[in-house]
Amino acid sequence: MSEIKIELENVRPMDIEKRSFEIITEELGEKNRLLIPGTEPIVKRCIHTSADFDYADNLCFSDGVVEKALSAIRGGASIVTDTHMAASGINKHALGQYGGEVFCFMSDPDVAAEARQRGVTRAAVCMEKAARLDKKLIFAIGNAPTALVRLYELIENGTLNPELIIGVPVGFVNVVQSKELIMQTDVPYIVARGRKGGSNIAACICNALLYMMHTDRGY
């Protein structure tokens, strides 16, 4: 059996991320021209996180959403997630520089108790709890379509007016439908249309926005 010669790239540790984005840009090829101006760092960071080039096609952006999101962050908006995994992945130091915090209520005893009593998901109750916060809010949903459905209901009845919804839950049951509901609202959104997404994608979109505030990691 002949040996295959494996050649490794000689990349300094501090340059690995930058080199990764160069490769992504190279492999996107002509698709680079089709990306909505201003959204490129978000699309490429999702690809960087997942190694899935489908995000170049399935990420949907409402009109002017990047500028609105950056303005919200500068204005001290906080981020609410539906998983501790997403919360742990968001760069809290970068967000904190503008006065924002990261919230995840999924493990709160009162949330668990109310969800059991009402026969609904904890994610739905978390959205209700977040709606009572006296803060500008960005929602980053990577796991629970029921969170998106409840956000849609809260928006429609006038209870909630978020600065941004990042709707990227992954899965099968009501995942596609919940994302489509969010895209029917007047709220700024970034949505991964279809079944793909996840807590890692929710966090990386938040970080992409945060890093866009600093040109050295905006790519």
Side-chain angles (χ1 to χ4, degrees), residues 46 49-50 69 72-185 187-192 195-210:
C46 287
T49 295
S50 63
I73 292 170
R74 291 189 190 99
S78 290
I79 298 174
V80 176
T81 78
D82 64 331
T83 66
H84 290 291
M85 178 180 175
S88 66
I90 296 170
N91 190 320
K92 298 173 187 63
H93 175 72
L95 182 63
Q97 291 180 358
Y98 303 95
E101 303 174 75
V102 177
F103 296 98
C104 180
F105 302 123
M106 288 295 288
S107 297
D108 290 11
D110 59 325
V111 168
E114 184 172 347
R116 282 194 302 270
Q117 180 185 4
R118 291 167 51 191
V120 299
T121 67
R122 283 188 290 172
V125 177
C126 284
M127 299 304 103
E128 296 169 359
K129 184 169 183 176
R132 295 192 292 270
L133 294 173
D134 185 22
K135 295 177 180 290
K136 294 181 179 180
L137 295 176
I138 292 170
F139 289 86
I141 309 303
N143 182 69
T146 55
L148 287 187
V149 172
R150 192 65 185 118
L151 286 176
Y152 172 80
E153 294 168 346
L154 292 169
I155 292 164
E156 288 299 293
N157 68 27
T159 302
L160 182 65
N161 186 28
E163 302 293 320
L164 167 68
I165 294 179
I166 298 168
V168 293
V170 61
F172 299 94
V173 179
N174 288 330
V175 167
V176 173
Q177 297 93 321
S178 67
K179 294 173 180 179
E180 296 296 322
L181 282 175
I182 294 304
M183 289 193 288
Q184 291 180 12
T185 71
V187 171
Y189 64 76
I190 300 173
V191 166
R195 290 173 170 172
K196 291 187 177 182
S199 296
N200 58 336
I201 296 298
C204 93
I205 292 174
C206 293
N207 289 336
L209 291 166
L210 290 166

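These values consider heavy atoms only, across backbone and side chains, with no hydrogens, waters or symmetry-generated copies. Quantities reported herein were computed from a predicted structural model and do not represent experimental measurements.
Here the straight-line distance linking atom CG of Asp110 with atom CZ of Phe105 works out to 9.0 Å at 0.5 Å rounding. Cys206 contributes atom SG, which lies 4.0 Å from atom CD1 of Ile79 (distance to the nearest 0.5 angstrom). Of the inter-residue distances, the one linking Leu181 atom CG with Ile165 atom CD1 reads 10.5 Å to the nearest 0.5 angstrom. Between the OG atom in Ser50 and the CD1 atom in Ile201 there is a gap of 4.5 Å [rounded to 0.5 Å]. The NZ atom of Lys179 lies 12.0 Å from the CD1 atom of Ile141; values are rounded to the nearest 0.5 Å. Note that the CD1 atom of Ile190 and the CG atom of Leu164 stand 5.0 Å from one another [nearest 0.5 Å].
Two residues are said to be in side-chain contact when any heavy atoms from C-beta on lie closer than 4.5 Å; Ile138 and Val80 fail this criterion. No side-chain heavy atom of Thr146 sits under 4.5 Å from any side-chain heavy atom of Asn174. Between Leu210 and Ile90 the shortest side-chain heavy-atom distance falls below 4.5 Å. Contact check for Val102 versus Ser78: no side-chain heavy atoms found under the 4.5 Å cut-off. Within the 4.5 Å cutoff, the side chain of Phe103 has no heavy atoms near those of the Thr81 side chain. Looking at Leu95 and Glu101, their side chains never come closer than 4.5 Å, going by heavy atoms from C-beta outward. Two residues are said to be in side-chain contact when any heavy atoms from C-beta on lie closer than 4.5 Å; Phe139 and Leu151 meet this criterion.
Contact record, Ile155 with Pro162: CG1-CD, 3.9 Å, taken as the closest heavy-atom pair. Val149 and Ser178 get closest at one heavy-atom pair: CG2-CB, 3.9 Å. Looking at every heavy atom in both residues, Ala77 comes nearest to Glu163 through CB-CG, 4.5 Å. For the residue pair Ala86 and Ala203, the shortest heavy atom distance occurs at O-CB, 3.6 Å. The heavy-atom pair separating Gly89 from Asn207 by the smallest distance is O-ND2, 2.9 Å. When all heavy atoms of Cys204 and Thr49 are compared, the pair lying nearest together is CB-OG1, 3.2 Å.
Asp108 CG: more than 12 foreign heavy atoms inside a 6.0 Å radius.
With hydrogens and angles ignored, the 3.5 Å screen pairs a side-chain donor or acceptor of Asn91 with a backbone N or O of Ala94. Between the side chain of Thr185 and the backbone N or O of Ile182, at least one donor-acceptor pair lies under 3.5 Å. No donor-acceptor pair closer than 3.5 Å links the side chain of Lys129 to the backbone N or O of Ala124. The closest donor-acceptor contact from the side chain of Asp82 to the backbone of Ala147 lies at 3.5 Å or more, if one exists at all. Looking at Arg122, its side chain does come within 3.5 Å of a backbone N or O of Met106 through a donor-acceptor pair.
Salt bridge status for Glu114 with Arg118: present, with a side-chain N to carboxylate O gap under 4.0 Å.
Applying the salt bridge (charged side-chain N to carboxylate O under 4.0 Å, His left out) rule to pairs touching residues 195-204 yields Asp52-Lys196, Asp54-Lys196, sequence neighbours excluded.
With sequence neighbours excluded, no residue forms a side-chain hydrogen bond (donor to acceptor under 3.5 Å, both in side chains) with Asp134.
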